[in-house]
Amino acid sequence: MFLAMTDEVRVIIVKLADRLHNMRTLCHMPPHKQSSIAAETLQVFAPLAKLLGMYSIKSELENLSFMYVSAEDYEKVTSRIANLYKEHEKELTEANRILVKKIEDDQFLDLVTVNTDVRSVCKETYSIYKAALKSKGSIDDYNQIAQVCVVHSSPSCIKVTDCCKAKTFCGGRASVQSTTGEATMKRICYHVLGLVHEIWKPIPRTMKDYIATPKPNGYQSLHTTVIPFLYESMFRLEIQIRTEEMDLIAERGIAVYYNGRALSAELAENPIPLSRKSRGKTGCLNNTDFALRYDVSYDSFFFQIGWLNAIREWQEEFVGNMSSREFVDTITRDLLGSRVFVFTPKGEIKNLPKGATVVDYAYLIHTEIGNKMVAAKVNGNLVSPTHVLENAEVVEILTYNALSSKSAFQRHKQWLQHAKTRSARHKIMRFLREQAAQCAAEITQDRVNDFVADSDSDVEDLTEDSRKSLQWWEKILVNVKQFQSQEKSRNATPASQNGSVWVPKVNGKHNKAVKNSSLESPEFFSPGDGIAKIFPANIPAYKEVLPGLDSWRASKIDSWHHLEGHSIEWLCVVSMARKGIIAEVTTVLAAEGITVCSCVVRASTAEIDRERGLAVMLFQIEANTESLVSVCAKVDLISGVLGWSSGCSWPRSADNAQVLEC
Ligand SMILES: Nc1nc2c(ncn2[C@@H]2O[C@H](COP(=O)(O)OP(=O)(O)O)[C@@H](OP(=O)(O)OP(=O)(O)O)[C@H]2O)c(=O)[nH]1
């Protein structure tokens, strides 16, 4: 059913109608069937109707299912509602009268000649039961059962049914007319809200504006909750204000857009081209085509398309990889469970299952965004990728193209446990598998140790420590030389002596600069500016946003040489410029027992990189190989760190004034 509905939404409307009929006649089934069908209805069909905005069907399905699934609770709730209604009937009628009078007396409403219908309704049985469960109190303590719905219509405004027809057949012209009407009608809603608040004070934080921010199912309305007779009783009243058009959508949801007869007649005349995913079926309606072709500009329709596309994407990615059970679980939990709504930086609304983190969000936006994510901002502040999303947060994902596979692997391995949606976890798992394969060719700690163990260089004039690090770096250099000459002679994929393919990497990344620079080039070993580049940190984006990084680093190292007069080990970390990041990096260094002798920080802020703001931390350190390797792996995992490089340099006074960088 889920797969079919991405090609044709009307499948689901028919299915829901069919289920509603089954539920209405469920009393004819044996008791064991009654409870299993009712449970399935509560788990799948009612949430689906809610998702599609078909609230009248959703409420009836829920109430009927509730009756079969939990007859005792159903009895309790209905009798509590009856008692409360008796108790508060007079207050409800009086509140209704006061509101109607206020609306009738209002000059502005009189001027715009709107018809206003004020109706009191009782909240749905199952909704009250859920609310009581959520508040963890007993149903006997629950007393918010009444809603007042203020719906206004303008005789001059095109009604929604006409409007849909007009849009279906006439396209743009009708749409322009209705949009003008819609804007005025929306303003009237806000005006009525003002009137309500003039009479009664709203309870703080109960005001909701689903007109400015419609629900994903297209629901639009203004909500406020008040206590009309505060000094006499604590009777709470929820007031909903909307236009007639919004009211129709509130009741029927997506079904409003599917005028069966109109559509099939239109389809027969002008068959819509099949969608890419329709797999050879004929007569399928592609939702996007529909929206574009008929200029259906309703926000809700696009919302619906959003999640239909999500199912479609899952279908493409996961059918075949997931068992049917997993697929159904994914849909029922990720799609039909409680949701949070967040904004993209461009103001688009995205909705995710409650409890979702920024990792889930990144993968929802696009798989590549998730794979390249290095940090995230919520409401403009950098947050940890484990941040759990809250309603109305603005979420921005910061990506970085030049992450090493090793670094990406480590980050995503950590993030896996913070991805709450099955779809994000699935994508991360796949990414990890790819990265693990690529990581296999990187310089590992063992390789570095091998170089040290095999070292036979003899440097007399250096201290013991300096000699060790010099040996270490020289070994890497020798290895690179070998690689370079092998590459030269072969001009093909390099191989190590034992025949296995080995491509040196910088920060776990294949380094184009190694390929392009020649070891014999004159500047390579000449002291020059005191720099001999072996592995330039070839991360182009640094160069774009942090121009002169190399010379800045060289000059800092040079100044340390002036002070110290001996070889220097350094670690350079490039990161997003965020509060607290230096503390986090130095904590990691301290935890590994690495001594920081000096530290300089350079931040690129507004003038260089208005969007992101980068920081570079250069540490003069004292570290042994093991702890340096370990610290680099940990630094990689710090939120906002984009990469690191480390090296050893010895002063100009030594014959070969050099910096070796890895
Ligand atoms: N037609 C329609 N009405 C909506 C929709 N969302 C909310 N409502 C109405 O608004 C009421 C309050 O919803 P909210 O203001 O979002 O408050 P909440 O956080 O308590 O859910 C709902 O009552 P409730 O008792 O919470 O109902 P329910 O959400 O349990 O069904 C329901 O009557 C929607 O998408 N379509």
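Order of listing sets the numbers, starting from 1, for every ligand and every atom in it.
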Ring centroid separation Tyr129 to Phe66 under 6.0 Å: yes
If the condition is side-chain contact (heavy atoms from CB on, under 4.5 Å), which residues does Lys354 pass it with, not counting sequence neighbours? Ser338, Val340
Ligand 1: protein residues within heavy-atom distance under 4.0 Å: Tyr55, Lys58, Lys123, Ser127, Lys130, Gln147, Lys208, Tyr210, Lys215, Asn217, Tyr219, His223, Glu238, Gln240, Ala250
Could you tell me if the side chain of Leu26 sits less than 4.5 Å from the side chain of Leu64, heavy atoms only? no
State whether the side chain of Ser59 and the backbone N or O of Ser56 hold a donor-acceptor pair below 3.5 Å, judged by distance alone. no
By ring pair (Phe, Tyr, Trp, His ring centres under 6.0 Å), which residues pair with His223, not counting sequence neighbours? Tyr210, Tyr219
Apply salt bridge (charged side-chain N to carboxylate O under 4.0 Å, His left out) to Glu94 and list each qualifying residue two or more places apart in sequence or on a separate chain. Arg97
